[in-house]
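Heads up: the structure comes next, in structure tokens.
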Amino acid sequence: MPEEIQVLVVERVACNSITYLFSLSESSKSMKALANWRRVYHFYYVLSVSWGLNMPLEFLKTCYAERNPSTLYLKVYSFYTFNLHEEGLAFMKLAEDAGYERVVYTQAMTQKIFWDDEEYFAGLPSESVDMIGKLVRSVKWGWGLWHGDAFRVQRAPFISAFLLSFYSCKCAPLLMQQCHCLWHIDISKDDNMCDRCFWIKEVGLFFCEFEQIMVIRDTMKW
């Protein structure tokens, strides 16, 4: 197999699974050499590793130095855990520039929650918002830390400002008549809702399901 093809194979496998890359590297000397190439650290998808495994600090440092998109995304969580808003927004921009598509959803939710800015909603393709949102909220990686106070205190104003209008809007039938609360917002209304109710639902789900994914060694150390 030509070397340039082998390089592409290694990069693609690294994007999907570190475990599979290890298996691939054992298949031949050339593959092993390519898998150990520093450039490959840019392509690792670190969130594919089980939360129970504590990855070496040097590995994460190297991924970060190579501007690995998923590692840059981990740094975004400084916004929520430590209330480092300026740094968190900067890492969102870096992760987006590096091609990490899911950060666009995280940024849109963050701008709405903290600054009532809906401009970033326009950057999300309507046909895939639901899928991207589920992917962002489904990540459970590392041992979680509590969200910072700045995130938690935004929940009550959101409930006061938007929840009543969500349930009272006649754009789609209600599937649950008794429990009009934030925690059932995903299953309480028919999917054929108006755009306003759709985005209220997405922000509500972000409040309910978005969790911290910090590693045992916090991301401030790399």
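Treat the numbers as computed from the prediction; the structure is a model and nothing was measured. FYI, side chains are in, hydrogens and waters are out, and symmetry mates aren't considered; it's all heavy atoms of this structure.
- Atom CD of Glu87 sits about 12.0 Å away from atom CG of Leu94, to the nearest 0.5 Å.
- Within the structure, the salt bridge (Lys or Arg N to Asp or Glu O under 4.0 Å) test picks out the following pairs touching residues 95-110 (sequence neighbours left out): Lys93-Asp97.
- Between the Lys189 side chain and the Cys197 main chain, no donor and acceptor come within less than 3.5 Å of each other.
- Residues Pro69 and His42 meet the side-chain proximity criterion, which asks for heavy atoms closer than 4.5 Å.
- Within the model, atoms CD1 of Ile200 and CG of Leu205 stand 12.0 Å from one another, a figure rounded to the nearest 0.5 Å.
- Two residues are said to be in side-chain contact when any heavy atoms from C-beta on lie closer than 4.5 Å; Ser70 and Tyr44 fail this criterion.
- A continuous path of ILVMFWY side-chain contacts below 4.5 Å connects Leu74 to Leu57, so both sit in one hydrophobic cluster.
- From Arg155, atom CZ reaches atom CG of Leu182 across 7.0 Å, with rounding to the nearest 0.5 Å.
- The closest donor-acceptor contact from the side chain of Tyr167 to the backbone of Cys181 lies under 3.5 Å.
- Between the Asn192 side chain and the Ala172 main chain, no donor and acceptor come within less than 3.5 Å of each other.
- In this structure, OH in Tyr100 is found 8.0 Å from OG1 in Thr106, a value given to the nearest 0.5 Å.
- Within the 4.5 Å cutoff, side-chain heavy atoms of Gln111 are placed close to those of Leu89.
- If you chain together hydrophobic residues whose side chains sit under 4.5 Å apart, Ile159 and Leu174 fall into the same group.
- Residue Asp190 comes nearest to Leu175 through the heavy atom pair N-CG, 3.8 Å, listed as atom of the first residue, atom of the second, then distance.
- Between Phe91 atom CZ and Lys75 atom NZ the span is 4.5 Å, to the nearest 0.5 Å.
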Chi angles and distances behind the side-chain contact (heavy atoms from CB on, under 4.5 Å) call for Leu124, Val104: CA-CA 7 Å; Leu124 291 165; Val104 179; 3.7 Å; yes
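- In this structure, Trp115 is not a member of the same hydrophobic cluster as Tyr120, with clusters built from ILVMFWY side-chain heavy atoms closer than 4.5 Å.
- For an aromatic pair to be called close, the ring centres must be under 6.0 Å apart, and Phe151 with Phe207 satisfies this.
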Stepwise side-chain contact (heavy atoms from CB on, under 4.5 Å) test for His85 and Phe114: CA-CA 10 Å; His85 294 176; Phe114 284 88; 3.8 Å; yes
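- In the displayed structure, Glu127 atom CD is contacted under 6.0 Å by more than 12 heavy atoms of other residues, nucleotides or ligands.
- Cation-pi geometry between Arg67 and Tyr64 is met: the NZ or CZ atom falls under 6.0 Å from the ring centre, inside 45° of the normal.
- Trp199 is listed as a side-chain neighbour of Val129, based on a closest heavy-atom distance under 4.5 Å.
- Here the closest heavy-atom approach between residue Leu163 and residue His180 is recorded as CD2-O, 4.2 Å.
- For the 3.5 Å distance criterion, the side chains of Glu202 and Tyr105 qualify, holding a donor opposite an acceptor.
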side-chain contact (heavy atoms from CB on, under 4.5 Å) between Cys171 and Arg196, intermediate numbers included: CA-CA 10 Å; Cys171 63; Arg196 183 173 185 275; over 6 Å; no
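- Under the side chain to side chain donor-acceptor pair (under 3.5 Å) criterion, Glu118 pairs with Lys112, not counting sequence neighbours.
- Counting heavy atoms from C-beta on, the side chains of Val136 and Tyr73 come closer than 4.5 Å.
- Atom CG of Asp186 and atom NZ of Lys134 lie 6.5 Å apart (nearest 0.5 Å).
- Checked against ring-ring contact (aromatic ring centres under 6.0 Å, His included), Phe166 has no partners two or more places apart in sequence or in another chain.
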Stepwise side-chain contact (heavy atoms from CB on, under 4.5 Å) test for Met193 and Lys201: CA-CA 10 Å; Met193 64 188 76; Lys201 183 194 77 171; 4.1 Å; yes
